[in-house]
2 protein chains.
Amino acid sequence: MKEKQVVTPFRSVDHQHSTCLNSVLVTAEHYCQQRGLKLTPLRRRVLELVWKTHEPVKAYDILQTLQAEKKGAAPPTVYRALDFLQQQGFVHKLESMNAYVGCGAPGQHHTSQFLICHICGVVAELDDYDIGELIGSKADSLGFKVSQLTIEIKGVCGSCQAA
Amino acid sequence: MKEKQVVTPFRSVDHQHSTCLNSVLVTAEHYCQQRGLKLTPLRRRVLELVWKTHEPVKAYDILQTLQAEKKGAAPPTVYRALDFLQQQGFVHKLESMNAYVGCGAPGQHHTSQFLICHICGVVAELDDYDIGELIGSKADSLGFKVSQLTIEIKGVCGSCQAA
DNA sequence: CAGATAATGTTATATTATAACATAACATAG
DNA sequence: CTATGTTATGTTATAATATAACATTATCTG
């Protein structure tokens with residue numbers, strides 16, 4: 001069994017989120033610069049808001065913040081930015097929650113598995129080779145060709161079990 | 001590797017859907033009778049409509065049909081029936097599509113993995129031991145206790161690849 | 001600069017789902 | 001069999017999520 005790859009871990013007690021967030025933004029800037037993509041102020045701000053915590057964020061919560069900051073934000077404002085960010089792999093949508101989380105491996109092609117703690121709300125992202133592989137092979141044996149995987153795992157994280 | 005368990009297969013060319021549907025209804029009736037649950041005409045009708053095909057069905061499409069059949073159906077009519085059917089394990093919700101499919105193993109406790117063909121729309125349901133097991137063990141090694149799994153696999157089914 | 005393209009603004013509306021309260025159907029104890 | 005509680009359904013309204021369509025602005029490119 002190959003080692004599981006944790007893309008976004010559950011936070012350690014000493015997690016410095018401002019550092020974490022800053023690194024996300026720098027990476028995104030860099031990624032876009034390299035490819036001639038435009039991480040406009042709006043898109044950058046939405047990315048920041050998604051990454052405000054390690055919990056899933058709702059589109060309309062982002063909208064509310066934008067509206068408070070500046071007149072004229074409407075649903076398309078948010079959804080377009082989210083579309084861009086998803087296309088570049090900076091954020092993921094959690095289908096089972098209609099909510100968005102930042103991606104821990106921006107720009108790196110990967111399949112994701114999300115662990116979602118329903119106590120504290122925190123999301124961890126895995127890119128586990130074995131899981132993708134196993135599902136692929138099972139599908140394959142049924143003659144099914146996989147193009148997209150949605151794997152969302154709800155439960156209770158370690159810290160919340162301890163508490 | 002244990003054998004994959006296919007709960008709802010992709011249909012064979014000679015699939016007799018009326019028989020399939022009838023069997024689903026009989027099973028549900030029986031299941032409810034045994035437990036003193038009420039498969040009311042409304043719930044039964046919604047179950048029928050979900051199982052009208054092997055493709056995911058949208059709540060508002062069901063609503064439309066109900067409204068055509070009988071005055072007075074409203075969103076809660078449908079959502080309540082769907083809730084009941086989901087609780088009894090007669091239907092599943094596909095989170096990534098906001099749509100509903102009939103369950104191939106009604107009343108039997110299981111985790112599901114859905115294979116969804118984006119060409120023909122047909123959904124197959126698996127209850128694969130290995131997948132659940134692997135995900136459980138990976139989560140476990142991160143100290144995460146799984147309570148609910150959402151696994152939805154999009155791609156192209158065998159027949160559609162052939163065609 | 002002109003024209004093209006991309007991004008954002010703006011208004012409206014579609015789609016999905018639930019809240020809240022009223023009524024009806026049904027079960028069962030007295 | 002009837003009062004009472006419970007479950008199911010009816011009804012109205014609204015919340016929550018998302019997109020369509022077209023106008024305007026910014027940016028890029030020749």
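- Rounded to whole angstrom, the span from the NZ atom of A:K58 across to the C1' atom of C:dA17 amounts to 11 Å.
- More than 12 heavy atoms of other shown residues, nucleotides or ligands fall within 6.0 angstrom of atom CD in A:E55.
- For A:Y100 and D:dA18, the shortest distance from a side-chain N or O to OP1 or OP2 is below 4.0 Å.
- Hydrophobic cluster membership is shared by B:L63 and B:L47, with clusters built from Ile, Leu, Val, Met, Phe, Trp and Tyr side chains linked at under 4.5 angstrom.
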### Message
With side-chain hydrogen bond (donor to acceptor under 3.5 Å, both in side chains) as the criterion, how do A:H110 and A:E125 come out once you've worked through the C-alpha distance, each side chain's angles and the decisive distance to 0.1 Å?
### Response
CA-CA 11 Å; A:H110 62 287; A:E125 180 182 355; 2.9 Å; yes

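- When the P atom of C:dT15 is taken as reference, atom CG of B:D61 falls 10 Å away, rounded to whole Å.
- Annotation for A:H30: atom NE2 does not count as buried by contact number, only 12 or fewer foreign heavy atoms lying within 6.0 Å.
- Residue A:N98 contributes atom CG, which lies 8 Å from atom P of C:dA17 at whole-angstrom precision.
- Put simply, CG on A:L66 is 13 Å from C1' on C:dG9, counting in whole angstrom units.
- For A:K38 and D:dT29, the NZ to C1' distance is 12 Å, given to the nearest whole Å.
- Atom OH in B:Y60 sits roughly 6 Å away from atom C1' in C:dT16 (whole-Å rounding).
- A tilted orientation is assigned to the rings of A:W51 and A:H17, their planes being inclined by 30° to 60°.
- For A:A99 and B:T40, each mapped to the nucleotide of DNA chain D holding its nearest heavy atom, the one lying further toward the 5' end belongs to B:T40.
- In this structure, CG of A:L39 is placed 10 Å from P of C:dT8, rounded to the nearest angstrom.
- Near DNA chain D, meaning a heavy atom under 4.0 Å from it, residues 68-92 of chain B has B:K70, B:G72, B:A74, B:P76, B:T77, B:R80 in order of number.
- Taking atom CG of residue A:L37 and atom P of nucleotide D:dT27, one finds them 16 Å apart after rounding to whole Å.
- In the displayed structure, B:K52 atom NZ is contacted under 6.0 Å by at most 12 heavy atoms of other residues, nucleotides or ligands.
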